[in-house]
Amino acid sequence: MPKLTIDGIEIEVEPGTSVLQACEQLGIEIPRFCYHDRLSVPANCRMCLVEVERAPKPVASCAMPAGEGMVVFTDSEKVHKARKGVMEFLLINHPLDCPICDQGGECDLQDQAMAYGFDHSRYAENKRAVKEKNLGPLIKTFMTRCIHCTRCVRFADEIAGMPEMGATGRGEHMEIGTYIESTITSELSGNMIDICPVGALTSKPYAFVSRPWELKKTESIDVLDAVGSNIRVDSRGSEVLRVLPRLHEDVNEEWISDKTRFAYDGLRRQRLDRPYIRGTEGKLRPASWAEAFAAIAERLEGLGGDAVAALAGDLVDVEAMVALGDLMTALGSPHRDCRQDGARIDPAVPASYLFNSGIAGIEDADAILLVGTNPRWEAAMVNARIRKRWLKGGLKVGVVGPNHDLTYSTTYIGAGPDSLEALARGEHSFAQRLTAAERPMVIVGMGALARADGAAVLGRVRALAEATGMVREGWNGFNVLHTAAARVGGVLAGFVPGQGGRDTAGILAGARDGSIKLIWNLGADEIDGPAFGDAFVIYQGHHGDRGAHRADVILPGAAYTEKNGTYVNTEGRVQLAKMAAFPPGDAKEDWKIVRALSERVGKTLPYDNLRDVRRRMVEIEPAFAAIDTRIKADWARFGAADLPADPAPFVSPVETFYMTDPISRASETMAKCVTEIEQRAAAQ
């Protein structure tokens, strides 16, 4: 390994390490604009110049490999003069609009100009101006501010896999854009706002809304898919104004999807902020908490436990499901389910419903089989991780089910269960690829498991995984990709049918035939109203979505940014969402609503604060105490490979990426994305 000396300090680095990276290892900060840790190195801004002994002129440290015996100076007079010269050139055409720029206070150019800028300019000619580009409903452009670092171009090409950004012209006439003034169709486009070092690309929904120093910053978790991306929620008062990514190498690295980033405006639209009761005329009317609880207590009176059931939706925290599960037990009901989509996973075997290799484990795979899933829409960060591995080379991806553009090359095997059987018999060439791979992996989606024959499909995939060596000592390549943030946590918390209990399909069938007379709907908004039959429906949630339309009593709950809650992502990682703002009006945290009602009906639950609820969670599943730790699942037999499977093709449960839940469906920004982005993608 090469040894070099930087500012008098000797350091030994890995071969291929750049001088800039070596400096960072010593804690020496090198200014840069074009260089980014996760992008290729263009070396075109020249801000990272350093002095190297015996070199005739300053060297771009981002592109210079560290060599044996190299002597580097980062703080010499020559270095400072070179950097100040670069800064002077960068500011020649830059507009003086920092006071009205949304990047103000978070701008790399602003910060570095403080260190290397002059208090005057020697440039007297007219500044150039560049026409703004229309990149769609998410990104606002001020291209006169652009310094041509090309970070956005490289991100679109390398990370997003949608090479829609590029540079036209040369020299002073060079412009960054989409060539034909079209909307960017990538579901990761918002990350270009973060990596832009100046105010050329800013958030269109956030434009002129606030300054960063006015915001309260809360570290939390995204729940709009099952990845559990780490985020920072920026709020002012009771309103969420911005959502940004938070670094987590094993989950989302430093990226988030556009839905995670921009759907926050749905948090303040169509909100339930007071209880409602459906009157004798069939219309909902506002009520007090006491009236709502009295109506529920009256309905419960005289009902046996077998006539009561509970369903939990996709955005529910573990605390709420534990409280409601305990209430159902106290009422004598075994009928409960957190799988509103009817996924046929085996609650008794965690390995049957976890992403066992971990999201970061994708980078170790050399063959991946996708079954009944479109990861680009169902879990954008998982798809980005697959593309990252594919770019390294040596990865083959096979697809059984929906055949979409996933931003990397794939081998299409077939549409349904018949293709799985062909693979198991070795009749397709991809079967040999799986068998020969050192670390093969299968990713099964809800398009394959949320069907009537889901157990049969699950069993077939398990058998294929065992036959091709996906499960071995030190490696488990069997993975289930969920679409709901609440799914894994609900199953671990025991919010599944008890002894003799009904699952989602059984509960809805009972509601239609009259055997189930009361259903507690805890945010299950993906079930159509008529499916509840004539049952009395209690809806507890935060938006006036499908569930609220069918409810007889509405109890207003808190959204994920308005409560402290526990979520478990698709890989079994326990994470905490934090309260960034208070719920609107009379809305309350979900577990508190259940606890208050339990006292009203004479079944008081044994906890009065969040600490007690979490203690109860750990009693049910000790893994809930290990925050930011993946659950390790032992391999066992699951599924029913011997049952017949429906030959119908697998279909992804996500029809529209931008609208998958009550929050995104209420978002005006997501509605614009559907009309502008998806329509353009469909036309291509």
Side-chain angles (χ1 to χ4, degrees), residues 32-42 44-45 101-104 106-110 130-168 174-207 212 222 229 231-232 234 242-247 252-264 376 380-381 383-385 387-388 391 407 657-658 669-670 672-673 676-677 680-681:
R32 83 289 298 266
F33 291 114
C34 67
Y35 176 80
H36 191 281
D37 293 341
R38 302 183 196 277
L39 302 175
S40 58
V41 179
N44 57 10
C45 78
C101 178
D102 275 319
Q103 195 83 349
E106 300 173 319
C107 178
D108 292 348
L109 183 64
Q110 212 174 39
V130 182
K131 180 183 175 183
E132 312 305 353
K133 308 294 192 297
N134 181 15
L135 303 184
L138 304 178
I139 301 176
K140 188 175 181 64
T141 64
F142 292 89
M143 300 313 295
T144 304
R145 300 171 185 163
C146 179
I147 62 171
H148 300 164
C149 71
T150 69
R151 281 188 181 183
C152 57
V153 176
R154 286 174 285 140
F155 175 87
D157 186 40
E158 299 166 13
I159 306 297
M162 300 294 287
E164 299 173 311
M165 296 287 287
T168 56
M174 177 177 169
E175 295 185 19
I176 301 294
T178 56
Y179 304 107
I180 56 174
E181 293 277 342
S182 60
T183 299
I184 295 178
T185 58
S186 172
E187 61 283 343
L188 301 177
S189 64
N191 294 290
M192 292 193 291
I193 298 169
D194 292 335
I195 63 175
C196 181
V198 296
L201 303 179
T202 59
S203 171
K204 188 171 284 188
Y206 179 70
D222 171 57
S229 297
I231 59 174
R232 193 188 82 195
D234 289 358
R242 192 169 61 167
V243 172
L244 298 176
R246 191 159 50 93
L247 179 67
N252 59 301
E253 297 182 296
E254 61 182 85
W255 320 118
I256 53 176
S257 74
D258 288 349
K259 182 169 58 178
T260 298
R261 182 187 298 270
F262 293 109
Y264 62 85
R376 184 175 168 186
M381 301 320 305
N383 195 65
R385 189 80 71 149
R387 174 174 170 79
K388 179 182 179 182
L391 284 174
T407 71
F657 167 75
Y658 296 100
T669 303
M670 295 296 98
K672 291 179 180 178
C673 289
E676 296 186 37
I677 297 177
R680 186 213 157 186

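Position 1 is the first residue of the sequence, and the numbers go up from there.
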With no hydrogens and no angle check, do the side chains of Glu164 and Ser186 hold a donor and an acceptor under 3.5 Å apart?
no
Intermediate values then yes/no, side-chain contact (heavy atoms from CB on, under 4.5 Å), Arg385 and Glu253
CA-CA 9 Å; Arg385 189 80 71 149; Glu253 297 182 296; 3.6 Å; yes
Side chains of Glu158 and Leu39: does their closest heavy-atom pair fall under 4.5 Å?
yes
Considering only heavy atoms from C-beta outward, does the side chain of Ser189 approach that of Ile139 to under 4.5 Å?
yes
Taken to the nearest 0.5 Å, the spacing of Leu138 CG from Ile193 CD1 works out to 7.0 Å
To the nearest 0.5 Å, how far apart are OG1 in Thr669 and OH in Tyr658?
11.5 Å
Do Thr202 and Asp102 have side-chain atoms, one donor and one acceptor, less than 3.5 Å apart?
no
May I ask you to decide if Thr260's main-chain N or O and Ser257's side chain share a donor-acceptor pair within less than 3.5 Å?
yes
Could you report the tightest heavy-atom contact between Arg154 and Ser40, atom names first, then the distance?
NH1-O, 2.6 Å
Do the non-hydrogen side-chain atoms of Met143 and Glu175 ever get within less than 4.5 Å of each other?
no
With the side chain counted from C-beta on, respond yes when Lys672 and Lys204 share a heavy-atom pair under 4.5 Å apart, and no when they do not.
no
Give, for atom CG of Asp222 and atom CZ of Arg261, the distance between the pair rounded to the nearest 0.5 Å.
11.0 Å
Heavy-atom nearest pair, Ile256 first then Leu188, reads O-CD2, 4.0 Å
If we ignore hydrogens and angles and just use 3.5 Å, is the side chain of Arg376 paired with the main-chain N or O of Phe657 as donor and acceptor?
no
Does any non-hydrogen side-chain atom of Ile159 lie less than 4.5 Å from one of Lys388?
no
Taking all non-hydrogen atoms of both residues into account, name the closest pair between Cys34 and Cys149 and its distance.
CB-O, 3.5 Å
Heavy-atom donor-acceptor pair, Gln103 side chain to Cys196 backbone, under 3.5 Å
yes
Looking only at non-hydrogen atoms, find the nearest pair between Pro137 and Glu676 and report the distance.
CD-OE1, 3.6 Å
Determine yes or no for a side-chain-to-main-chain donor-acceptor pair under 3.5 angstrom, with Glu187 supplying the side chain and Ala380 the backbone.
no
Would Ile176 and His148 count as a side-chain contact (heavy atoms from CB on, under 4.5 Å) if you check the C-alpha gap in whole Å, the side-chain angles of each, and the deciding distance to 0.1 Å?
CA-CA 7 Å; Ile176 301 294; His148 300 164; 4.2 Å; yes
Salt-bridge contact Arg242-Glu106 (side-chain N to carboxylate O under 4.0 Å):
yes
To the closest 0.5 Å, what do you measure between CZ (Arg145) and CG (Leu201)?
10.5 Å
Nearest heavy-atom pair of Thr407 and Met162: which atoms, and what distance?
CG2-SD, 4.2 Å
Heavy atoms, side chains only, cut-off 4.5 Å: are Cys45 and Ile147 in contact?
no
Please report the interatomic distance CZ(Arg38) to CH2(Trp255), rounded to the nearest 0.5 Å.
6.5 Å
Of all heavy-atom pairs linking Met381 and Ser229, the shortest is CG-OG, 3.7 Å
Could you tell me the separation between the CG atom of Leu135 and the CE atom of Met192, rounded to the nearest 0.5 Å?
6.5 Å
side-chain contact (heavy atoms from CB on, under 4.5 Å), that's the test. Do Met165 and Lys133 meet it? Break it down for me.
CA-CA 11 Å; Met165 296 287 287; Lys133 308 294 192 297; over 6 Å; no
Quick one: list whatever passes ring pair (Phe, Tyr, Trp, His ring centres under 6.0 Å) with Phe33, sequence neighbours left out.
none
Please enumerate all residues that pass side chain to side chain donor-acceptor pair (under 3.5 Å) together with Asn252, with sequence neighbours excluded.
none
Side chain proximity check, Asp234 to Arg232, heavy atoms < 4.5 angstrom:
yes
